[in-house]
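Take a look at the structure below.
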Amino acid sequence: YITSRRTMLTRGSIALIAAVSVLGVVAQTHAGRPDPALYSPEAVEAIPSDCRLLNSYAYGGYIILMRPDVQVSIDSRNDLYGVQRVRHHIKTMRTHPGSDLDGIDCALMPEWEPLAHWLHKDAGWRVALTTESATLFIRTS
């Protein structure tokens, strides 16, 4: 069976090696560092150190890595936070926040998050910094 499929398997193997090679070359542009197209070093650096932060799920680990002085609201350690907290966080990011932002001084999230849309409209929040991958909001009141 394999002998009869030799041509197909050879071409498939070559295509697989080529695809992995291309991905490897692309990854070398930020080897050992998070992809700057996905994580904004400028936005994370701009977070005030005394701020109570609400961050997007994906940004939590990056903030812990780059700014250990800032406490994150959530990161990818689901076993640490539990299912209920992760679900509550997702709900907060996707709906009008209401009182879910009590005690929060700043928020860092991608512009596409529904919460970012609400914070842009809310007079109690201002945009401190916008980058390609994230917006940092600071509470004004």
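As the structure is a computational prediction, the values presented were derived from the model and not from experiment. Numbering starts at 1 and runs along the sequence shown.
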Partners of Ile90 by side-chain contact (heavy atoms from CB on, under 4.5 Å), sequence neighbours excluded? Val86, Arg94

Should Thr135 and Leu129 count as side-chain neighbours, where that means a heavy-atom distance under 4.5 Å? no

Heavy atoms from other residues, nucleotides or ligands near CD of Glu111 exceed 12 (cutoff 6.0 Å): yes

For His117, ring-ring contact (aromatic ring centres under 6.0 Å, His included) partners two or more places apart: none

Looking only at heavy atoms, which two atoms of Leu108 and Ala134 are closest? And how far apart? CD1-CB, 3.8 Å

Partner residues of Tyr62 under the side-chain hydrogen bond (donor to acceptor under 3.5 Å, both in side chains) criterion, sequence neighbours left out: none

Connected to Ile17, directly or through other members, by ILVMFWY side-chain contacts below 4.5 Å are none

Here the salt bridge (charged side-chain N to carboxylate O under 4.0 Å, His left out) pairs for residues 80-90, sequence neighbours left out, are none

How would you list, by chain and number, every residue that makes a side-chain contact (heavy atoms from CB on, under 4.5 Å) with Leu38, sequence neighbours excluded? Asp35

Approximate separation, where rounding is to 0.5 Å, of Arg126 CZ and Leu136 CG: 8.0 Å

Any salt bridge (charged side-chain N to carboxylate O under 4.0 Å, His left out) pairs touching residues 131-141, not counting sequence neighbours? none

Among Trp125, Trp118, Phe137, which one satisfies side chain to side chain contact (heavy atoms under 4.5 Å, CB included) with Leu101? Trp125

Closest heavy-atom pair, Ile64 versus Asp75, reported as atoms and distance to 0.1 Å, is CD1-OD2, 3.2 Å

Salt bridge (charged side-chain N to carboxylate O under 4.0 Å, His left out): pairs with one or both residues in residues 7-16, sequence neighbours excluded: none

Any sub-3.5 Å donor-acceptor pair from Thr140's side-chain atoms to Gly124's backbone N or O? yes

Within the structure provided, determine whether Leu53 and Ile104 are in side-chain contact (heavy-atom separation under 4.5 Å). no

Distance-only donor-acceptor hits, side chain of residues 40-50, under 3.5 Å, sequence neighbours excluded:
{"residue": "Ser40", "atom": "OG", "partner": "Glu42", "partner atom": "OE1", "Å": "3.2"}
{"residue": "Ser40", "atom": "OG", "partner": "Ala43", "partner atom": "N", "Å": "3.1"}
{"residue": "Ser40", "atom": "OG", "partner": "Thr131", "partner atom": "OG1", "Å": "3.1"}

Could you name each residue pair satisfying salt bridge (charged side-chain N to carboxylate O under 4.0 Å, His left out) that touches residues 58-70, not counting sequence neighbours? Arg67-Asp69

List in chain and number order the residues that pass side-chain hydrogen bond (donor to acceptor under 3.5 Å, both in side chains) with Ser56, two or more places apart in sequence or in another chain; answer none if no residue qualifies. none

Counting C-beta onward and ignoring hydrogens, is there a side-chain heavy-atom pair between Met109 and Leu119 closer than 4.5 Å? yes

Expected output: side-chain Arg52 to main-chain Gly103 donor-acceptor under 3.5 Å: yes

Checking Ser73 now: which residues fulfil side-chain contact (heavy atoms from CB on, under 4.5 Å) with it, not counting sequence neighbours? Leu54, Asn55, His89

